[in-house]
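Since we're looking at a predicted model, the values are computed, not measured.
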Amino acid sequence: MTKKVVGLFLIGLIVSSASLFAGGAKEAPEAAVAAEIGNEAPQLAALVAAGDLPPLEQRLPSEPLVVEPVDRIGEYGGTWRRAVLGGADEANMTRTVLYNMLVRWAPDWSGVIPDIAKSFTVNDDSTAFTFQLREGMRWSDGHPFTSADIRFWFEAVFSNPNLTAGCMDVAGVELLDVEVHDEYSLTFRFAGPSGLFLQTLASPGFGENVVSYARHYFEQFHAEYNPDIDEVLRAEDFGDWVDLFDHKNNRTANVEQPTLNGWVVTNPYDGTTTEVRFERNPYYWKVDTEGNQLPYLDRVVFDVLQDGEVVLLRTLDGQYDLIGRHVANAANRPVLFQSMDRGNFRFIEEVSDSSTAMALHYNFTHQDPVKREVIENKNFRVGLSHAINRDEINDLIFAGLAEPWQVAPLRTSAFFDEEFAKQFTEYDVELANEHLDRAGYTQRDSQGYRVGPDGNRISLMIELINSDEQIAVLELIQGYWREVGVHMDFRPMDRSLLWERKGNLLHDIMVWQGTGGLNPIMTPVRWIPVAGGAHHGIGWSYWYNNPDHALAEEPPAPVKRKLELYDAVRSVGDPQRQHELMTEVLEISRESFRLTGIVIPPPGYKVVRNDFHNVPEVMPGSWNYPTPGPTTPEQYFTTRGR
């Protein structure tokens with residue numbers, strides 16, 4: 001017997017916070033599609049008239065997904081303008097133009113709903129997930145999208161150790177097979193209960209991979225499917241088919257790659273351009289409640305910038321239509337507020353799932369044995385935490401809108417633990433010195449700095465991406481730590497360089513947000529090294545995912561226990577049992593105190609031009625969500641210049 005899942009599939013997610021979000025784009029019942037096909041963009045209609053594009057009824061699936069606009073039916077035309085910062089900001093595009101999965105998060109983040117899939121069912125023990133696709137759906141080049149494309153992903157990519165590192169797990173459970181029943185029906189079968197599979201499908205990463213490989217395009221670059229692969233390699237000037245295959249799978253840079261997204265990249269994000277451009281997909285499979293094909297906007301354009309200050313200046317001038325990333329922080333809020341009339345924009349509210357606006361991620365798998373010994377000393381970390389004047393940081397940097405907090409779930413989370421959230425946040429220089437002395441570092445050099453186990457001054461380098469707000473906080477922390485005899489410097493850098501150094505275990509401390517404040521089950525990396533986002537234990541994450549990795553390191557017993565518990569979380573379908581297991585993970589994390597939080601993020605916001613429409617006034621803020629993708633940007637529209 002199966003459990004029919006047509007609407008929400010809710011497994012202990014953000015229930016306590018769901019009421020905060022209202023007004024997001026909604027998927028209307030399939031029956032709401034107009035009896036007759038509605039309109040299409042004028043440019044597409046012209047191509048149809050010229051005989052260069054099939055009629056709309058031949059481009060839409062028989063049952064397109066119907067989206068109810070946030071405010072009203074939109075108008076065709078115009079551009080959504082944004083910015084990316086540096087050369088590794090692909091996540092910016094994942095959040096905006098690339099969020100289309102088999103299933104997706106509901107706009108209010110209350111659960112999982114159908115998207116590319118028309119519907120889905122789950123068997124009683126959560127080991128089999130069956131999806132019905134939309135008949136007649138097409139890739140952006142007009143080729144049919146069917147179960148064969150997902151089967152190709154499973155056989156050619158996911159099951160191929162050259163392309164997926166030999167790991168067959170999804171959300172911690174082995175994926176045994178993707179069984180195709182017919183062109184539009186297939187089943188994912190697991191070795192055991194997969195309690196987080198649907199949520200994983202709705203999130204960035206795995207979910208997008210499942211629906212990114214058009215078989216008719218990618219099989220030409222795969223040695224097992226193309227007997228003439230050597231000729232292709234010579235023509236493409238590649239020596240290895242795996243490298244070529246990976247190179248071709250780039251939705252932000254490969255202009256030839258077919259896609260199911262609302263816009264198709266036409267000017268690539270490849271390090272050579274100053275502008276990334278996405279143009280409307282003529283075969284997009286969503287419509288509004290009057291049957292009009294989405295998206296309304298002709299294109300989405302990202303300026304490629306290297307300086308956050310330039311992003312701010314252009315936002316102040318009203319050059320960007322909807323933007324938050326890289327600009328909407330507490331430090332910029334006053335000047336943005338003062339420029340609302342000048343830039344013709346307003347603020348909308350973003351409710352963050354971050355436990356802290358920034359967190360200090362000590363590197364527990366550091367390649368330097370002396371640095372590692374210092375970092376592993378809990379009294380040392382506790383002392384440095386007590387040395388931070390969070391109230392002053394709140395007043396000076398966050399306009400008094402934040403609150404001292406460790407990397408722990410928020411009050412609105414079902415996992416809230418006040419002891420965890422508030423431990424070691426009291427500003428007390430005397431207590432800080434007591435812990436640092438207790439750590440064994442009582443000797444000082446001629447300038448009053450504490451001396452480490454090698455007889456040299458303890459000096460820590462904090463690395464971060466360029467952020468004026470975080471730099472301002474670190475300047476204060478630098479002074480606080482100097483007062484207790486610990487030398488610290490910090491180094492802002494491009495995201496790609498930071499990722500390279502982190503991946504090679506070279507950082508002392510890295511600054512990043514304390515994610516997972518609302519739903520730690522879906523964003524566990526601040527506490528559990530299950531993926532590369534576990535900046536505090538990259539070597540441990542290598543061990544967990546691939547013990548043969550050159551930098552893999554077996555974690556200590558408490559970390560191993562957390563990994564075992566999280567594996568159990570992902571292998572059960574019972575929400576209550578998941579909650580119990582994750583609570584134990586957090587209890588171990590509270591005791592070990594490996595990350596240092598600063599303050600809860602102040603109320604978040606995004607900047608929206610007043611002539612940019614169908615944007616909800618409140619939305620969740622999270623990478624896991626990922627903001628603003630689940631609000632269906634395809635139904636945004638602009639009246640600028642009209």
Side-chain angles (χ1 to χ4, degrees), residues 7-8 13-14 17-28 64-75 78-82 91-101 103-116 199 201-204 207-208 260-263 278 280-281 284-289 292 294-297 300 302 320-325 328 345-353 518-519 522 603-638:
L8 302 184
L13 292 177
I14 331 273
S17 302
S19 61
L20 296 173
F21 315 119
K26 298 175 281 293
E27 280 65 42
L65 191 150
V66 183
V67 177
E68 182 180 344
V70 169
D71 295 318
R72 64 184 190 273
I73 298 296
E75 303 173 21
T79 301
W80 178 7
R81 293 161 307 173
R82 290 175 59 86
N92 201 327
M93 286 162 263
T94 297
R95 290 176 174 274
T96 49
V97 295
L98 303 179
Y99 185 70
N100 288 275
M101 319 288 204
V103 295
R104 67 204 307 268
W105 291 113
D108 63 0
W109 210 7
S110 57
V112 174
I113 58 178
D115 194 32
I116 289 171
Q199 296 92 322
L201 267 184
S203 302
E208 60 203 67
L260 299 174
N261 296 308
W263 298 273
F278 290 80
R280 176 190 283 107
N281 174 3
Y284 197 54
W285 40 277
K286 294 182 184 180
V287 299
D288 65 22
T289 48
N292 303 311
L294 299 174
Y296 295 131
L297 293 163
V300 184
F302 298 82
Y320 297 134
D321 300 285
L322 165 59
I323 190 167
R325 192 174 176 88
F345 58 75
R346 69 189 189 280
F347 291 164
I348 62 169
E349 184 179 355
E350 180 180 274
V351 181
S352 176
D353 85 323
L518 292 177
N519 184 19
M522 287 307 299
Y605 65 101
K606 288 187 180 297
V607 176
V608 185
R609 275 188 58 97
N610 294 320
D611 49 15
F612 198 72
H613 307 287
N614 279 349
V615 181
E617 292 300 311
V618 182
M619 65 177 71
S622 174
W623 165 243
N624 190 57
Y625 177 66
T627 314
T631 66
T632 315
E634 295 81 16
Q635 52 90 47
Y636 297 167
F637 72 99
T638 182

Would a line drawn from the ring center of Y625 to the ring center of W105 be shorter than 6.0 Å?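 Y625 vs W105: aromatic centres not under 6.0 Å.
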Looking at F612 versus Y636, is the centre-to-centre ring distance below 6.0 Å?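 Yes, the ring centres sit under 6.0 Å apart.
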Ion pair check, D115 and K286, cut-off under 4.0 Å: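 A salt bridge links D115 with K286.
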Does a salt bridge link E617 with R346, judged by any charged N lying under 4.0 Å from a carboxylate O?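 So E617 pairs with R346 through a salt bridge.
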To the closest 0.5 Å, what do you measure between [atom1] ([X]) and [atom2] ([Y])?
{"X": "I73", "Y": "H613", "atom1": "CD1", "atom2": "NE2", "value": "14.0 Å"}
{"X": "R325", "Y": "N92", "atom1": "CZ", "atom2": "CG", "value": "5.0 Å"}
{"X": "I116", "Y": "L201", "atom1": "CD1", "atom2": "CG", "value": "10.0 Å"}
{"X": "S203", "Y": "R104", "atom1": "OG", "atom2": "CZ", "value": "12.5 Å"}

Only one of [options] forms a side-chain contact (heavy atoms from CB on, under 4.5 Å) with [X], so which one is it?
{"X": "P628", "options": "T96, V615, I348", "answer": "T96"}
{"X": "P616", "options": "V70, T632, D108", "answer": "V70"}
{"X": "L294", "options": "N281, V67, V287", "answer": "V67"}

So, do [X] and [Y] sit near enough that their side-chain heavy atoms are less than 4.5 Å apart?
{"X": "K606", "Y": "T627", "value": "yes"}
{"X": "V66", "Y": "D288", "value": "no"}
{"X": "R280", "Y": "L297", "value": "no"}
{"X": "R82", "Y": "M93", "value": "no"}
{"X": "N519", "Y": "D353", "value": "no"}
{"X": "L322", "Y": "W80", "value": "yes"}
{"X": "T94", "Y": "P204", "value": "yes"}

Looking only at non-hydrogen atoms, find the nearest pair between [X] and [Y] and report the distance.
{"X": "M101", "Y": "E208", "value": "SD-N, 3.3 Å"}
{"X": "F637", "Y": "G74", "value": "CD2-CA, 3.4 Å"}
{"X": "L65", "Y": "P114", "value": "CD1-O, 3.8 Å"}
{"X": "Y99", "Y": "A202", "value": "OH-O, 2.7 Å"}
{"X": "N614", "Y": "R72", "value": "ND2-O, 3.0 Å"}

So, D611 and T638: side-chain donor and acceptor under 3.5 Å apart, yes or no?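 No, T638 and D611 have no side-chain donor paired with an acceptor closer than 3.5 Å.
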Are Y284 and N100 linked by a side-chain donor-acceptor pair shorter than 3.5 Å?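 Yes.
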Give me the ring orientation class for F278 and F302: parallel if the planes are under 30° apart, tilted from 30 to 60°, perpendicular past 60°.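 Rings of F278 and F302: perpendicular, over 60°.
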Does Y320 have any ring pair (Phe, Tyr, Trp, His ring centres under 6.0 Å) partners at least two apart in sequence or in another chain, and if so, which?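 Listed in chain order: nothing, the list is empty.
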